[in-house]
J.: 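Quick one: structure below, then a few questions.
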Amino acid sequence: MGKRVSGAAVAFFAPLAAAENQLNMSPGVTEIGADIFQLHMLIMWICVAIGVAVFAVMFYSIYAHRKSKGHQAAQFHESTRVEVAWTVVPFLILIAMAVPATSTLLEVYDNDEAELDILITGYQWKWKYEYLDESGEPVAFFSNLATSQEEIYNTEHKGDNYLLEVDEPLVIPTNTKVRFLVTANDVIHSWWVPEIAVKRDAIPGFINEAWTRVPEEGIYRGQCTELCGAYHGFMPVEVHAVSPEDFDAWLLAKRGAAAAQTQLAMQTLSVDELMDRGKAVYDSACLACHGAQGEGGIGNAIAGSTVVLGDLSSHMAVVAGGVSGTAMQAFGGQLNDVELAAVLTYQRNAFGNNTGDVVQPGDVAGMKNG
Amino acid sequence: MADHHGPAQGISRWLFTTNHKDIGTMYLWFSFAMFLLGGFFAMVIRAELFQPGMQLVEPGFFNQMTTLHGLVMVFGAIMPSFVGLANWLIPMMIGAPDMALPRMNNWSFWILPPAFLMLASTLFMEGGAPAFGWTFYAPLSTTYAAPSVTFFIFAIHILGVSSIMGSINIIATVMNMRAPGMTYMKMPMFVWTWLITAFLLVAVMPVLAGAVTMMLMDIHFGTSFFSAAGGGDPVLFQHIFWFFGHPEVYIIILPAFGVVSQIIPAFSRKPLFGYASMVYATASIAFLSFIVWAHHMYTVGMPIAGELFFMYATMLIAVPTGVKVFNWISTMWRGALSFETPMLFCIGFLILFTLGGFTGLMLSIAPADFQYHDTYFVVAHFHYVMVAGAVFSMTAAVYYWLPKWCGRMYNEAMGKTHFWVSFIGFNITFFPQHFVGLAGMPRRIPDYALQFADFNMMSSIGAFIYGASQLLFLYNVVATIVAGKPVSEEKVWDGAEGLEWTVATPAPYHTFEEPPLVPKPAGTI
Ligand code: HEM
Ligand SMILES: [Cu+2]
């Protein structure tokens with residue numbers, strides 16, 4: 001009890017301590033970000049100036065032309081000169097705003113001559129990043145929220161990057177024109193990182209373009225900005241900008257890992273290895289809904305499930321294809337053959353489901369093709 | 001002859017009435033009930049956002065709350081409240097005995113309560129209420145929606161039918177029932193703004209009906225209007241929705257402009273500065289509202305030419321909007337101002353609506369909107385124009401005309417208290433939302449990063465204050481109707497102008513059965 005109270009107290013006061021209340025847009029780190037910031041400030045100050053003038057007149061009138069002070073109402077109305085002036089002057093001000101706005105917009109739309117292409121796909125509720133480069137093994141991975149359920153449900157202290165942290169960030173090289181090709185797999189999402197001033201809607205069936213050139217190394221965070229279902233608030237974006245050398249090294253390592261996975265998919269794995277890998281996949285992909293002991297929760301129980309204990313191909317169909325209209329997603333596009341084989345093996349043998357079945361990556365590939 | 005029959009007795013008076021005043025009263029009470037319901041949803045939202053972390057509701061339910069809040073406020077509270085006002089006032093302002101199509105009038109009101117009952121009942125259905133936002137973008141609202149979406153579609157259809165009937169009635173009334181001598185350019189501004197609004201409604205409600213019908217087809221009949229997999233396009237939905245949606249925001253604000261244009265001259269004791277230019281400004285806003293819809297879609301990946309066109313067109317709206325604000329202020333200039341509750345709400349409107357117009361102008365700048373879009377900055381913008389714009393002016397209207405309607409005066413001290421608590425509560429709620437939006441907080445999220453915590457807590461406190469102040473309003477209105485100080489002067493406010501102030505107070509059940517003589521300078525009010 002005492003512990004719960006102090007936990008609540010921590011949860012209550014932590015934000016007050018962590019907050020540095022940002023009031024304005026951030027100029028960010030990119031040239032375009034700075035241009036947009038300038039534009040924003042320009043329009044804002046113009047509005048402030050007009051506002052001050054207009055409200056000054058109004059408040060003066062409220063003060064000086066009060067009936068309680070005995071002010072008599074004048075009866076004038078209409079004045080073509082005044083009316084023309086207050087139509088034409090705002091119009092000219094608008095033209096002055098439109099000029100810098102147009103040139104900034106042209107810059108934003110200049111997607112040509114990118115040195116690196118990255119395909120970004122929005123899923124409910126995570127991002128997938130694919131480095132598009134014909135040479136070498138393709139590199140693709142998912143980027144999930146890393147904040148724990150305990151933090152979200154206030155039983156643990158919330159970390160500094162609460163809701164803005166992922167398990168595997170997008171890595172891009174600095175001083176390189178990177179083009180993002182943005183799309184979605186299910187509903188519309190929107191990929192936004194304020195500090196690099198990129199926001200593009202991710203629309204299923206269509207590919208949008210955006211680009212950036214980040215001059216400084218650093219970590220830039222953002223979120224999905226288009227309502228995309230229940231967990232819309234829980235699909236952050238985290239971008240690590242690193243030097244081109246570090247980036248090449250990183251990409252090479254990723255390629256190596258991808259190649260190893262491809263290798264693995266062609267082998268026959270031991271039961272222990274499948275079970276170990278399966279547990280890892282289960283804990284990251286299935287546990288939230290199906291429970292640590294397979295006891296169920298948002299999803300059905302895995303322990304004793306008729307699907308899991310039944311025919312392998314229907315088990316595979318549910319895991320790979322999902323169950324439409326429920327929270328059960330289609331994992332076929334998200335897990336590779338090794339992971340699918342491992343998690344199927346794990347579910348069929350853990351939590352007292354002792355079927356003794358062993359599913360190999362090759363079996364999964366066979367079922368996919370069959 | 002004048003009072004040849006009064007209202008029927010009991011419930012049948014309300015069920016079968018064709019009297020514009022009864023129907024107006026029902027619209028007003030209904031919209032107030034919806035205002036409280038939508039406000040209750042808002043309180044749930046703000047309570048969850050009081051602190052970071054999930055406390056009260058689950059994320060899915062949170063989305064149901066934001067969706068229903070938006071739908072109920074737009075379609076249940078604001079729109080019907082102005083229709084109620086139109087019913088009460090348009091016949092009295094143009095010297096007509098009633099609306100042109102009284103039976104349709106009865107019907108257009110009575111289909112509303114069942115529609116909202118159905119919409120609210122989705123909360124108790126399996127899978128929950130609609131949870132895709134009041135803008136219901138496909139495919140979240142089609143392939144990925146809960147089964148209750150079908151009831152939502154039906155409800156939208158009914159609301160649309162009701163609005164179309166209501167607008168046809170207003171157009172027919174204004175065109176055919178004006179008293180002799182009441183030329184178009186003599187009509188009070190409120191009548192003008194409603195006439196133009198009614199045309200907007202007739203033009204765009206069918207478009208909304210088309211959008212939801214296409215959704216229905218996609219969900220149940222195998223079409224793929226909004227699904228790329230079947231050759232359709234999810235962005236098409238947004239174009240159709242906003243072709244309705246942008247005129248819709250002017251449908252909401254134009255009658256509010258009308259109200260303010262009646263009340264400011266009354267308490268300035270001076271005619272509206274530029275009557276004709278106000279009429280032209282209203283008409284140009286209405287025209288422009290049809291060619292700016294894609295400013296809600298700057299980030300969907302439109303070609304640059306489209307982006308530029310919609311940016312320039314949207315910026316242009318600032319011109320007629322400015323003309324209106326300048327006009328109101330020139331009307332006050334050198335008047336003899338007094339600050340009764342209706343005037344206070346109009347001044348509140350003037351200040352806060354202008355702020356909302358400024359943020360609108362900022363949002364219209366496409367490259368900057370890449371940073372603003374779908375953040376709390378947009379939420380702040382549209383609450384400044386819709387709450388401090390439409391709702392404040394509606395509140396002003398109730399205080400202003402209530403004595404005429406019921407022959408009793410509201411409690412001025414309580415009215416002023418209501419204004420100040422609302423004004424302060426409103427600003428505590430929505431001003432900080434500009435900050436969190438600029439700092440990067442997306443809208444429609446149930447939980448947020450820690451740097452947004454302080455301003456969100458402030459916002460929630462403000463919302464509770466603003467919410468509570470509406471109960472004071474309710475109390476004041478009920479107390480006035482039941483036991484307010486009786487008034488009997490025809491002209492309740494010394495500065496008020498217009499035919500509605502020439503009939504007895506309280507307004508008799510039937511007015512202008514004989515067409516009135518239109519006073520000469522009436523056009524200038
Ligand atoms: C000077 C006049 C105005 C301009 C230039 C303007 C401009 C804009 C722009 C560009 C947006 C889109 C922002 C975004 O999503 O990124 C927007 C949103 C919005 N505006 Fe305005 N606006 C103006 C006045 C009004 C008025 C009078 C109303 C209603 C009474 C209104 C209601 C809304 C609403 C409801 C939204 C948000 C819709 C949504 O996404 O849910 N605006 N406005
Ligand atoms: Cu708009």
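Residue numbers begin at 1 in each chain, while the letters A, B, ... track the order of the sequences.
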J.: Using non-hydrogen atoms and a 4.5 Å limit, figure out which bit of B:Tyr144 sits close to chain A: side chain, backbone, both or neither.
T.: side chain

J.: Mind ranking B:Phe339, B:Tyr137, B:Phe62 by heavy-atom pairs under 4.5 Å with chain A and telling me who comes out on top?
T.: B:Phe339

J.: Side chain, backbone, both or neither: which part of B:Thr375 has a non-hydrogen atom closer than 4.5 Å to chain A?
T.: side chain

J.: Can you confirm if the NZ or CZ of B:Lys270 lies within 45° of the ring axis of A:Phe76 and under 6.0 Å from the centre of its six-membered ring?
T.: yes

J.: Would you say A:His71's side chain and B:Gly335's backbone share a donor-acceptor pair under 3.5 angstrom?
T.: yes

J.: Can you list every pair that meets salt bridge (charged side-chain N to carboxylate O under 4.0 Å, His left out) and has a residue in residues 199-208 of chain A, with sequence neighbours left out?
T.: none

J.: Quick check on B:Asn456 against chain A: is it the side chain, the backbone, both or neither that has a heavy atom closer than 4.5 Å?
T.: neither

J.: Sequence neighbours left out, cut at 3.5 Å: what donor-acceptor pairs do the side chains of residues 55-64 of chain A make with other protein atoms?
T.:
from: A:Ser61; atom 1: OG; to: A:His65; atom 2: ND1; distance (Å): 3.1
from: A:Ser61; atom 1: OG; to: B:Met332; atom 2: O; distance (Å): 3.2

J.: Heavy-atom distance under 4.5 Å to chain A: side chain of B:Ile304, backbone, both or neither?
T.: both

J.: Given side chains that start at C-beta, do those of A:Asn21 and B:Phe435 come closer than 4.5 Å, heavy atoms only?
T.: no

J.: Evaluate the side-chain proximity of B:Leu272 to A:His77: yes if any heavy-atom separation is below 4.5 Å, no if none is.
T.: no

J.: Hey, is the main chain of A:Gly229 close enough, under 3.5 Å, to the side chain of B:Asn63 for a donor-acceptor pair?
T.: yes

J.: Between B:Gln55 and A:Asn154, is any pair of side-chain heavy atoms under 4.5 Å apart?
T.: yes

